[in-house]
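In the text below, chain A, chain B and the rest are named by the order of the sequence lines, each starting its count at 1. Atoms considered below: every heavy atom in the structure, side chains included; atoms not considered: hydrogens, waters and symmetry mates.
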Amino acid sequence: MNDISPRVRFAPSPTGDLHVGNARTALFNWLFARRYGGRLVLRIEDTDRLRTSRVFEENILADLAWLGIDWDEGPGRGGPYGPYHQSERLSLYRECLERLIAAGMVYPCFCTDEELEAERLSLLSQKLAPRYLGKCLGLDEEERRRLEASGRPAAWRFHVPPGLIAFHDLIRGDMRFAGETLGDFIIVRSNGIPAYNFAVVVDDHHMGITHVIRGEDHLSNTALQLLLYRALGFAPPRFAHHALILGRDRAKLGKRHGATAVREFREQGVLPEALVNYLALLGSSFEAGREFCRREETVASFSLDRAGKSGAVFDEDKLRWLNSLYIRQEAPEILARRMEPFVAAAGYGKIGVSRLHGIIEAVRDNINDLTEIGDYLRIFDDEAYDLSPEARAIIAGPEAREVIASLLALLAEPLADDRGDPEDREDKGGRGDKVDPGGPDGPVAWEDGGGRGGRGDRGEPSDRGEGKATGDRAALGDPEAKEDKGGRGDGDGLGGRGDKVDPGGPVGPVAREDGGDGGEPGDLEASARKSDGPAFTAGSRGGDGLAGADDEMTPSHYRAIIERLAERTGRRGKRLFLPLRAALTGRVKGPELDRCFAVLGRASLRRRLEKALTA
RNA sequence: GUCCCCAUCGUCUAGUGGCCUAGGACACCGGCCUUUCACGCCAGUAACCGGGGUUCGACUCCCCGUGGGGACGCCA
């Protein structure tokens with residue numbers, strides 16, 4: 001075993017959910033261990049019998065796992081320094097206590113809570129620091145024996161010797177405390193269970209911890225612990241105290257500041273990668289002013305001396321911003337899987353995979369957290385179709401009705417007209433819009449693809465980079481395809497009202513247009529955006545109102561249709577789009593309209609337009 | 001109250017004596033792009049807590065104030 005490699009630990013007490021502050025401490029330790037090839041020990045500090053709960057412990061472990069913070073030794077993993085629950089290490093503490101008793105460095109204290117409280121108040125009223133004055137230290141043998149005989153339980157206090165206690169903190173520099181100001185503290189309670197400072201020292205030493213990285217709120221405990229190391233003859237580890245996370249009011253982040261538990265963020269649709277990124281960034285900084293930094297890179301560049309010394313306010317806006325970045329570049333399959341619980345929560349648990357992918361691809365640029373998918377699922381759900389007051393107001397205008405009616409008419413026209421040969425457009429290079437939807441100037445869009453690197457998903461270009469032609473079923477390079485039962489390639493006719501036809505449906509490739517090549521690290525934030533989505537074609541039946549499009553019209557087809565609509569009505573811009581958006585989605589904002597069209601499909605489109613007209 | 005820590009835009013930060021007329025990001029505000037909102041792109045508003053030193057020269061070093069935070073439990 002090499003003594004060079006550091007051993008750090010994260011030691012939560014299972015008395016509540018994992019708080020982001022603690023999660024950040026855990027992350028720092030994890031980062032430190034990974035960065036320097038050390039080991040992370042997870043130790044459960046369950047010495048507070050009343051508040052400790054098994055459920056909390058399980059939740060904490062689950063939250064750490066969710067964050068991707070794994071430990072090398074500890075619950076569930078074992079290790080050579082176990083057990084890893086303090087409640088199972090009582091004999092060890094007992095031994096150490098005996099040694100201190102033998103050395104005469106501790107004494108039994110018979111003071112009651114009331115006595116202690118009275119002393120505290122008295123000191124406070126004299127404007128003195130509240131601390132134990134050592135009443136029981138002066139007990140003579142006889143009194144001591146009498147108290148013991150009376151059955152009064154005694155706690156053990158460590159007698160703090162006068163003198164300077166100095167140490168070097170890896171983050172804050174040289175630190176010094178005067179022993180005189182400390183007051184004797186309890187190391188073993190009257191119920192025989194060790195108190196925090198004692199258990200920590202005994203465990204950190206016996207577990208071979210080399211670096212203690214924890215919050216600044218433990219700074220003053222360090223002095224006490226150092227005294228214990230000295231008394232026990234243990235070599236102390238190195239210490240690093242990071243600043244705390246603050247709430248908007250600059251006070252230590254707590255319950256009154258809203259969401260503070262990792263669990264809550266998870267429920268709010270925050271991705272673990274985003275939270276980890278944010279926590280690593282908070283009160284610190286990556287090199288070169290980077291903000292978006294994946295785990296691996298964070299590990300590679302991690303250093304204790306990049307940690308700031310002052311408290312940092314937790315900024316949910318920034319967390320959400322990072323989250324939106326991760327949502328936008330996450331591989332579709334993974335994103336879809338992450339969305340599952342939220343989709344189910346919105347009541348669409350049975351939606352078809354390809355259908356879901358289509359919707360996700362259409363809206364991912366519009367959402368900042370996973371819960372927002374619910375809204376969009378509803379928008380695309382025919383059964384939930386409903387006009388918001390704003391939408392209703394827009395549709396009420398005669399001009400709007402005219403636009404809607406025109407689109408309806410246009411949709412009724414022979415398909416041949418607006419359907420083109422979709423193949424190829426979104427090929428990697430982006431160029432391709434051949435489509436030519438029946439009109440002279442076909443859509444000229446999608447010219448962006450070209451030089452812009454893609455969305456820079458460093459790492460997993462292949463999963464999404466291959467823009468696939470849409471019309472062609474064969475092209476489903478979509479890995480997810482298999483999940484769609486029987487993606488048999490039915491004819492492309494729109495003849496069949498999709499519902500019945502082919503449940504598995506042609507799976508629209510979920511890929512995005514961009515070339516996966518782009519992405520040098522760092523360009524994500526500036527990556528190219530617009531892409532013409534895939535054809536959100538026919539979907540599997542969901543059993544809910546999200547049957548899916550009944551044809552294979554792609555966004556580009558619809559662009560062409562919209563173009564013609566513009567010609568016919570002479571309306572452009574918001575005078576054209578707003579009524580359409582309102583009528584189709586019932587909302588005034590949302591994903592690009594052509595994508596919405598494609599997701600809905602022609603039949604649904606018509607039904608909605610008709611409904612809007614009669615609304 | 002005592003002890004300890006901290007102090008650059010609203011927020012997170014870069015800055016380690018001259019490169020600073022202080023840089024980046026979020027948020028905000030404009031503009032552009034998109035035949036619409038959003039996304040994206042471009043630009044803008046906005047900070048060195050105060051006072052003394054040290055120095056040829058301080059955001060950077062020292063001291064004192066002030067402000068904020070943390071700790072003062074038989075919680076961890």
Decide, yes or no, whether a salt bridge links A:Asp203 with A:Arg9 under the criterion of side-chain N to carboxylate O below 4.0 Å.
no
When you measure from the side chain of A:Glu592, which nucleotide among B:C37, B:A71, B:U35 comes out closest?
B:C37
Could you tell me which nucleotide pairs with B:G67 by Watson-Crick or G-U wobble geometry, both distances under 3.5 Å, or answer none if nothing does?
B:C6
Less than 4.0 Å between a side-chain N and a carboxylate O, is that true for A:Glu45 and A:Arg214?
no
How is A:Leu322 classified with respect to the nucleic acid when contacts are heavy atoms under 4.0 Å: base, sugar-phosphate, or nothing?
nothing
Hey, are A:Arg290 and A:Glu297 close enough for a salt bridge, meaning a charged N less than 4.0 Å from a carboxylate O?
yes
Check A:Phe198, A:Phe185, A:Tyr132 against A:Phe158 for a ring pair (Phe, Tyr, Trp, His ring centres under 6.0 Å) and give me the one that passes.
A:Phe185
Out of B:C3, B:C74, B:U35, whichever nucleotide has its closest atom nearest the side chain of A:Arg189
B:C74
Starting the side chain at C-beta, find the nucleotide from B:U35, B:C74, B:U36 nearest to A:Ala566.
B:U35
Nearest whole Å is fine: how far is B:C39 P from A:Tyr376 OH?
10 Å
Which part of the nucleic acid, if any, lies within reach of A:Ser125 when heavy atoms closer than 4.0 Å are counted: base, sugar-phosphate only, or nothing?
nothing
Nucleotide nearest A:Arg328 when distance is taken to its side chain, options B:A38, B:C75, B:G40
B:G40
Which is true for A:Arg575 with a 4.0 Å heavy-atom rule: it touches a base, it touches only sugar-phosphate, or it touches nothing?
nothing
Distance-only donor-acceptor hits, side chain of residues 161-169 of chain A, under 3.5 Å, sequence neighbours excluded:
residue  : atom : partner  : partner atom : Å
A:His168 : ND1  : A:Asp174 : OD1          : 2.9
A:Asp169 : OD1  : A:Ile171 : N            : 2.8
A:Asp169 : OD1  : A:Arg172 : N            : 2.8
A:Asp169 : OD1  : A:His241 : N            : 3.2
A:Asp169 : OD2  : A:His241 : N            : 3.1
A:Asp169 : OD2  : A:His241 : ND1          : 2.6

Any strand is fair game: report the nucleotide pairing with B:C37 by Watson-Crick or G-U wobble, both distances under 3.5 Å, or none.
none
Going 5' to 3' along nucleotides 4-17 of chain B, which nucleotides have protein heavy atoms under 4.0 Å from the base (write B), which only from the sugar-phosphate (write S), and which from neither (write -)?
SSSS---SBSS---
Heavy atoms only, 4.0 Å cut-off, all strands: where does A:His241 land among base, sugar-phosphate and nothing?
nothing
Is any NZ, NE, NH1 or NH2 atom of the basic residue among A:Asp317 and A:Arg320 found under 4.0 Å from an Asp or Glu carboxylate oxygen of the other?
no
With the side chain defined as heavy atoms from C-beta on, A:Asp365 is closest, among B:C39, B:U35, B:G1, to B:C39
Sorted by position of nearest nucleotide on RNA chain B, 5' first, the leading residue of A:Arg51 and A:Lys252 is A:Lys252
So A:Phe286 and A:Asn277, do their side chains get closer than 4.5 Å, heavy atoms only?
yes
Any side-chain heavy-atom pair of A:Ile360 and A:Glu330 under 4.5 Å
no
Is it the case that more than 12 heavy atoms not belonging to A:Glu287 sit under 6.0 Å from its CD atom?
no
When both distances are under 3.5 Å in a Watson-Crick or G-U wobble arrangement, the nucleotide paired with B:C61 is B:G53
Under 4.0 Å protein heavy-atom contact, by nucleotide of nucleotides 43-49 of chain B - B base, S sugar-phosphate only
-------
Identity of whatever pairs with B:A25 - Watson-Crick or G-U, under 3.5 angstrom
B:U11
Side chain of A:Trp321 only, please: which of B:C26, B:U35, B:A71 is the nearest?
B:C26
Donor-acceptor pair under 3.5 Å: do we get one between A:Asn221's side chain and the base of B:A71?
no
